Amino acid sequence: MIDLRSDTVTQPTAQMHEAMLHAPVGDDVYGDDPTVNSLEERVASMFGHEAALFTPSGSMANQLAIRELVKPGEEIITESFAHIVRAELGAGAALSGITTRTWPATRGLLRWQDPIELARPDSGPYLVSTTAIAIENTHNFGGGTIQPIEEIAQLRRESLKLGMAMHLDGARIWNAHVESGVSFLEYGKHFDTISVCLSKGLGAPVGSLMISRKEKIASARVWRKRFGGGMRQIGILAAAGHFALDNNILRLKDDHARARSIAKAAHQVAPSTVNPDEVDTNIVVIDLAGSHKSAAEVNAELKAAGILASALGPKFLRLVTHLGLDDQHVAKVNSVLPELLDSAFKLQ
Ligand SMILES: *Cc1c(COP(=O)(O)O)cnc(C)c1O
């Protein structure tokens, strides 16, 4: 099977296993794991922040971060298809009493005016006060969209004037960086809190980090334990993270080139499904609007041909490239997918 459901499906390579095998470890709840400590310091300084906290998932890193920014009964606003509001099962409300409102954006692309027009900071005793804005970069359900740094910078200036904090859901910030050339420090300086994932395109088996100021990380460390995320000899996992940072950032460009080639092959036979120029990184969203097949049907046909993808809506199919693929896999996708799309759009 050629698995394009997500970039989370990768298997650790032999070299990554080797790095894990030799990692010095200790009890991280006591702060004793040297490999975790060095990873936390490394990632914090990559983004120009004081401290970081290793978490078992990106969802936990996001949720620990936003609860440091938003009090119960206040709101965080974000784009309508952001992971925080679509794929974390209402955790902000269920665990932290945080409410949300969203603005819509084509491909999830940020315009700094959208959140500023929606925000209602300091709303007094009548309306919910907006205390934070979350930005997803790259935007997953938007199709791996890179957020323009000028928009982020302008939003930061405007939101500071209004006293609102900013969170970056940077699960795939690595992908944004290699493609845009914008440094991690530049991305980092516009946000109060950041989450990053090692287990997506970077290929580690487990692990994310929350990044922020010392006090916020100290408080998040307490809440991580309260949420059941205090872990022990996890230097084994942090070693995979170090290995991923050392070896797997630059190669993300290959994933991006492969995603674009899949988009081009689809566009050639079914131009309305995807614009290859809008495939910024490693995620290809195929829009089946106007075809007589659903995403689930095309997904089943792909599966029968040995290719796994994700049907994320009635007409919304997602394919994600990653380090487990080679040119032969991509060649097969580029011959099978166009054929299926051609039949999905044929007049009956
Ligand atoms: C994957 C992902 C996360 C975190 O997901 P987990 O499965 O909880 O690790 C957060 N944000 C975005 C945009 C993601 O794609």
Side-chain angles (χ1 to χ4, degrees), residues 3-10 12 43 47 52-67 76 78-92 94-96 98 100 102 105 107-110 132-147 152 166-177 179 187 191 193-211 220 223-224 227-229 231 234 237-238 240-241 244 248 252 255-256 259 280-285 309-310 312-313 316 318-323:
D3 197 343
L4 303 176
R5 287 172 302 167
S6 177
D7 46 10
T8 58
V9 300
T10 56
V43 173
F47 288 87
L53 182 70
F54 189 86
T55 60
S57 71
S59 298
M60 192 187 279
N62 276 336
Q63 293 301 325
L64 289 173
I66 67 174
R67 66 164 298 122
I76 187 165
T78 192
E79 199 280 325
S80 58
F81 282 95
H83 196 276
I84 285 180
V85 290
R86 295 300 302 133
E88 298 181 10
L89 311 189
L95 304 176
S96 305
I98 295 171
T100 52
T102 58
R107 299 197 299 121
L109 188 65
L110 176 66
I133 300 168
I135 301 302
E136 189 169 306
N137 194 13
T138 65
H139 195 296
N140 178 352
F141 298 139
T145 307
I146 297 175
Q147 308 297 4
I152 294 172
M166 278 173 57
H167 171 69
L168 170 62
D169 180 347
R172 296 187 180 80
I173 194 67
W174 329 106
N175 299 76
H177 160 75
E179 207 55 49
Y187 280 128
F191 294 93
T193 54
I194 303 171
S195 68
V196 298
C197 287
L198 303 167
S199 58
K200 298 276 169 79
L202 293 193
V206 176
S208 292
L209 293 104
M210 172 191 157
I211 304 163
W223 278 97
R224 181 185 67 172
F227 285 160
M231 298 167 287
I234 46 169
L237 300 177
N248 293 346
L252 291 170
D255 298 347
H256 301 172
D280 290 346
T281 55
N282 68 326
I283 300 177
V284 183
V285 164
S310 298
L312 293 174
F316 182 124
R318 190 190 69 173
L319 301 93
V320 185
T321 57
H322 53 75
L323 57 72

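Note that these values count all heavy atoms, side chains included, but never hydrogens, waters or copies made by symmetry. Just so we're clear, the structure is a prediction, and the values are computed from it rather than from any experiment. Read the numbers this way: they start at 1 and go in the same order the structure lists the ligands and their atoms.
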Per-residue contact class, R172 against ligand 1 - non-hydrogen pairs under 4.0 Å: side chain
Ligand 1 to N140 polar contact by distance, N or O atoms, under 3.5 Å: yes
Verify atom 6 (P) of ligand 1: protein non-hydrogen atom under 4.0 angstrom away: yes
F316 and F141 aromatic ring geometry - parallel, tilted or perpendicular at 30°/60° bounds: perpendicular
Contact check: S59 vs ligand 1, nitrogen or oxygen atoms, below 3.5 angstrom: yes
Heavy-atom pair with the smallest gap, counting every atom of T145 and R107: OG1-O, 2.6 Å
Under 3.5 Å: N/O of C197 near N/O of ligand 1: no
Contact atoms of ligand 1, heavy-atom distance to S57 under 4.0 Å: 8 (O), 9 (O)
Within-cut-off N or O pair, S199 and ligand 1, under 3.5 Å: no
Sole residue of I283, T138, L202 in side-chain contact (heavy atoms from CB on, under 4.5 Å) with N175: T138
I84 contact mode with ligand 1 (heavy-atom cut-off under 4.0 Å): neither
Within reach of ligand 1, part of K200 (heavy-atom separation under 4.0 Å): side chain
